[in-house]
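The next block holds one structure in the form of structure tokens; read it before the comments.
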2 protein chains.
Amino acid sequence: MKERRSNADRSNATRHALLDAARELFLSEGFTAVGTPVLVKRVGLTRGALYHHFADKQALFLAVVEEEAARIAVEIEDGSAGAGSSLDALIQGANAYFRAMEIPGRVRLMLLDGPAVLGPDEMRRIDRETGGRELRHGLAEVMRRDGDDPEVEMLADLVSAMFDRAVLARDVSTGPGDYREMVAAVLKKLVREGK
Amino acid sequence: MKERRSNADRSNATRHALLDAARELFLSEGFTAVGTPVLVKRVGLTRGALYHHFADKQALFLAVVEEEAARIAVEIEDGSAGAGSSLDALIQGANAYFRAMEIPGRVRLMLLDGPAVLGPDEMRRIDRETGGRELRHGLAEVMRRDGDDPEVEMLADLVSAMFDRAVLARDVSTGPGDYREMVAAVLKKLVREGK
DNA sequence: TTTCATACATACAGCCTGTATGTTAATATG
DNA sequence: CATATTAACATACAGGCTGTATGTATGAAA
């Protein structure tokens, strides 16, 4: 019997199928290592379908990274929700971020391939709209400053860089001990006073 | 008339010619964008020569990155030499690093392509042997701690992450104002007390 | 019902990487 | 000094991948 589906349904279905397969492969093998032939074969489609839905391989990758960033942001939000003080919310959010980045392949996807393939300004844009927002607001609250204060924004950026480096260091585990305590200590020192 | 050179001389000459061309191209176009055919054509050789001297494209890239890291380390050393206090040396070293990263293409080479292509552990190794050493020692001196203290090492790593993010932010200039002052302020806060 | 657009498949052209093989000149050996 | 061997490169080959152009069938629209 033949399936009879609307065009919109078909599009959405294959789009998501492609995205799911792409996510899985990019996570497990990295951007350059996964070729479009194997990608589409996994879904049972052809490269024609892929290039009909996405401009090129990079556009597909961008969609995957954006989706992953959104997931991570949700995990941070969930992890920091219901904290006592605003400083606690910050620390718990940081820990949630560390946990989120334990998902295999996420470090490479978000911190290595992403910046190299999409460029730092695109990654910054994505971060600002997802996980970075949490950090910025949390920091602003602790410091009793406005969230749009450029100084707060810069500080949030620098702090997020430390988070990422800590995550990276643990991922390869070739450095010294536990970065999380050190990050927490640094964080406390930084927000101790308003300026 | 025929040139008559020793094998060792020939090897060294072509090796450096390849490295120079690779450096120039990787700096101006990035790792993936430069193909080996155009690379060798620029030197007047063939791909055979390249693959005789380097295992693969990645090995050539590694050599370029290591060389560049060494250059940057020298520039930092020169920039921080002859500083008054040890804190001044730290600040001047940071400024020297910022200046060093103004060379076009260096940001992409060292902070984007490098980590993505060589991996974070390899980049960490290179950094430890070059620029990172300066920072670690400078930090240890300011804090009156031992340079091999793992806590100092971790802190140096985190601080270097902030430097890199600041450099990246300025490179794309899509963020808020001047990160250098913010980095300096953060640095002063961090080293204020021993622990 | 006919016309048009959408969703996909097929086929093609170009490029790149890594390897295998050939050639010439330098070096080692007897 | 003659010869054997190795090093330095060039040439040629075998995949593999990306992006585009073209073809086809099905849903939507007129």
Side-chain angles (χ1 to χ4, degrees), chain A residues 1-26 28-65 113-114 116-119, chain B residues 1-26 28-65 113-114 116-119:
Chain A
M1 62 223 198
K2 287 243 217 73
E3 301 234 10
R4 185 167 171 86
R5 289 186 298 174
S6 99
N7 260 349
D9 285 354
R10 278 177 69 84
S11 271
N12 269 313
T14 65
R15 232 191 109 87
H16 281 101
L18 288 169
L19 276 173
D20 286 355
R23 176 180 119 96
E24 205 171 330
L25 289 172
F26 285 148
S28 60
E29 301 180 22
F31 178 77
T32 50
V34 30
T36 51
V38 43
L39 178 343
V40 297
K41 188 166 285 180
R42 169 171 293 221
V43 190
L45 293 173
T46 65
R47 301 179 56 247
L50 199 170
Y51 281 88
H52 176 72
H53 285 280
F54 298 91
D56 52 14
K57 192 186 168 186
Q58 184 170 330
L60 173 66
F61 182 73
L62 169 62
V64 168
V65 168
D113 286 352
V117 173
L118 303 175
Chain B
M1 63 223 201
K2 288 243 216 72
E3 300 233 9
R4 185 166 170 85
R5 288 187 297 174
S6 98
N7 261 349
D9 284 356
R10 278 176 70 84
S11 271
N12 268 313
T14 65
R15 232 191 109 86
H16 281 101
L18 287 169
L19 276 173
D20 286 355
R23 177 180 119 96
E24 204 171 330
L25 289 172
F26 285 148
S28 60
E29 301 180 22
F31 178 77
T32 50
V34 29
T36 51
V38 43
L39 178 343
V40 297
K41 189 167 284 179
R42 167 171 296 219
V43 190
L45 292 174
T46 65
R47 299 179 56 249
L50 199 170
Y51 281 88
H52 176 73
H53 285 279
F54 297 91
D56 52 13
K57 193 186 168 187
Q58 184 171 331
L60 173 66
F61 182 73
L62 169 62
V64 168
V65 168
D113 286 352
V117 173
L118 302 175

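Bear in mind that the values here come from a model prediction, so they are computed numbers and not experimental data. In what follows, chains carry the letters A, B, and so on, assigned in the order in which the sequence lines appear, proteins first and then strands, with residues in each chain numbered from 1.
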Fill in: Spacing between A:K57 atom NZ and D:dT18 atom P, to the nearest angstrom
5 Å

Item to complete: Answer whether the closest heavy-atom distance between the side chains of B:F61 and B:D113 falls below 4.5 Å.
Response: yes

Discussion item. Taking any heavy-atom pair under 4.0 Å as a contact, classify B:T36: base, sugar-phosphate, or nothing.
Written reply: sugar-phosphate

Item to complete: Take A:G48 and A:V38, find for each the nucleotide of DNA chain D with the closest heavy atom, and name the residue whose nucleotide sits nearer the 5' end.
Response: A:V38

Worksheet item: Is a donor-acceptor pair below 3.5 Å formed from side chain A:R5 to base D:dG27, judging by atom type as modelled?
Response: no

Worksheet item: What is the distance, rounded to the nearest whole Å, between atom CZ of B:R15 and atom P of D:dA8?
Response: 11 Å

Discussion item. As a test of reading the structure: which of C:dA7, C:dA9, D:dC9 is closest to the side chain of B:L45, going by heavy atoms?
Written reply: D:dC9

Worksheet item: CG of A:L50 versus C1' of D:dC17: gap in Å, rounded?
Response: 13 Å

Worksheet entry | Beyond-backbone contact of B:L39 with B:L60, side-chain heavy atoms, under 4.5 angstrom | yes

Worksheet item: Between B:R42 and B:E24, which heavy-atom pair has the shortest distance, and what is it?
Response: NH1-OE2, 3.2 Å

Item to complete: Choose from D:dC9, C:dG18, D:dT18 the nucleotide whose nearest atom is closest to any side-chain atom of A:P37.
Response: D:dT18

Worksheet item: Below 4.0 angstrom from OP1 or OP2 of D:dG27, is there any side-chain N or O of A:S6?
Response: no

Practice prompt. Round to the nearest Å and state the distance from B:H53 atom NE2 to D:dA8 atom P.
Written response: 6 Å

Worksheet, complete the sentence: So NE2 of A:H16 and OG of A:S11: to nearest 0.5 Å the spacing works out to 11.5 Å

Worksheet item: Is any side-chain N or O of A:R10 under 3.5 Å from a base N or O of D:dG27, one able to act as donor and the other as acceptor?
Response: no

Worksheet item: Quick one: is the NZ or CZ of A:K57 closer than 6.0 Å to the six-membered ring centre of A:Y51, and within 45° of its axis?
Response: no

Worksheet item: With a non-hydrogen cut-off below 4.0 angstrom, is B:V34 in contact with a base, only sugar-phosphate, or nothing?
Response: sugar-phosphate

Worksheet item: Separation of A:L39 atom CG from D:dT18 atom C1', in whole Å?
Response: 13 Å

Discussion item. In this structure, how many angstroms lie between the P atom of D:dC17 and the CZ atom of A:R47, rounded?
Written reply: 9 Å

Discussion item. Please report the distance, rounded to the nearest Å, between NE2 in A:H52 and P in C:dC8.
Written reply: 6 Å

Worksheet entry | Toward the 5' end of DNA chain C, by each residue's nearest nucleotide, B:A55 or B:A8 | B:A55

Discussion item. If the cut-off is 4.0 Å, is B:T14 near the phosphate of D:dC9, judged by side-chain N/O to OP1 or OP2?
Written reply: yes

Worksheet item: What is the distance, rounded to the nearest whole Å, between atom CG of B:N12 and atom C1' of D:dA8?
Response: 13 Å

